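Start at 1 and go down the list; that is how both ligands and their atoms are numbered. Just so it is clear, the model here is predicted, and its values are computed rather than measured.
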Amino acid sequence: MNSSATDFLPLNGTDHIELYVSNALQAAYFYQVAFGFEPYAYKGLSTGSKEYESYVVKQDKVTMVLTSPMKGGTAAGLHIDKHGDGVKAIALWVDDAEHSYKETIKRGAVSNFEPKTIEDEHGKVVLSSIKLYGDTIHVFVERKDYKGVFLPGYKAWNNNLKTEPVGFKYIDHMVANVDWGEMNTWVDFYKNVMGFNQLISFDDKDISTEYTALMSKVMSNGNGRIKFPINEPAEGKKRSQIEEYLMFYGGSGVQHIAIATDDIMHTVSTLQSRGIDFLTVPSSYYEVLQERVGRIDESISQLAELGILVDRDDEGYLLQIFTKPLQSRPTMFFEIIQRKGAKSFGKGNFKALFEAIEREQAIRGTL
Ligand code: FE2
């Protein structure tokens, strides 16, 4: 593990996630109504932003920026044309955005933009940015001298919509799907350029079904707050979910955002009542669950009713469930996760989960 003395890139946490979407107004409504995000900040024509409109929604520590272009031919518009709605920026909260930029560039990062200071009457923020897999970027956000809402250039935004939070706490991890042969390139990037450690490695024998396979390595920063699993497809009899993603997203990108909750039963039952669809596993999964994971606090019949999955490691257990894709293309989705001691990622559920995805792929005609 990195000690703080050698951590050249101290990260306080995820600052926000920015998605490029084709209709930010409607996306914001969706994330408010369905997922209980609260309105937070806005920029657009009324704030002097002529090219882009952004709605920022927030639930506890999870902040999402939904951005759409206001005219043709913009970088965001081209991004949406190529990728559909998806994650453009994973913004990381740092104490020194210039230092973060210099240290990562020195170690081989490709610049997206140099450190810049933006300010308004509430103070200043320093931003810098480096390129990631595909068209995805990291933005370093230094906000210690800022007292305003979100970022300079935004105004506080509220609407009359009564939203009820679903218990989202923070981003537990974010997963990338990268192209054939690129997993180790990005593992090395996180190791060498960002100073991350590799937590776990899964090969195609760990993650395979009768038909499809993938490989995955989990990278974590020095203080363990940021975790990025990186997936790559592996050879199988049929087209894997990773290949399906790469095909529809037009290359590498963010596959899922895992959001932590303290009460997954409440979170999932609320989301289901609001029309969010989740992947389901056969009832046989629950028949052998007790045997596989031992004693747990939750009732297995309730878990089965909601379709929540359970896995155990040496330190405890975790509960998790995956939504179906959240936009027209079968690309990005959410994971809801509740950790009860376990620090792992649900290896025991991989097979059941991937078979569930294969059933969805078969319906889509993309297996
Ligand atoms: Fe995950």
### Task
Would you give the angle at the Fe ion (ligand 1) between H173 atom NE2 and H256 atom NE2, to the nearest 10°?
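With the Fe ion (ligand 1) as the vertex, NE2 (H173) and NE2 (H256) sit 110° apart.
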### Task
Give a yes or no on whether a salt bridge exists between K43 and E53, defined as a side-chain N under 4.0 angstrom from a carboxylate O.
no
### Query
What's the atom name of the N, O or S in E335 nearest to the Fe ion (ligand 1)?
OE1
### Query
Is the F350 ring parallel, tilted or perpendicular to the F354 ring (thresholds 30°, 60°)?
parallel
### Distance-only polar pair, side chains of E244 and T366, donor-acceptor under 3.5 Å
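A donor-acceptor contact under 3.5 Å links the two side chains.
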### Side-chain (R107) to main-chain (F189) donor-acceptor, under 3.5 angstrom
no
### Query
Can an N, O or S atom be found in D172 less than 2.8 Å away from the Fe ion (ligand 1)?
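Under 2.8 Å: D172 has no N, O or S contact with the Fe ion (ligand 1).
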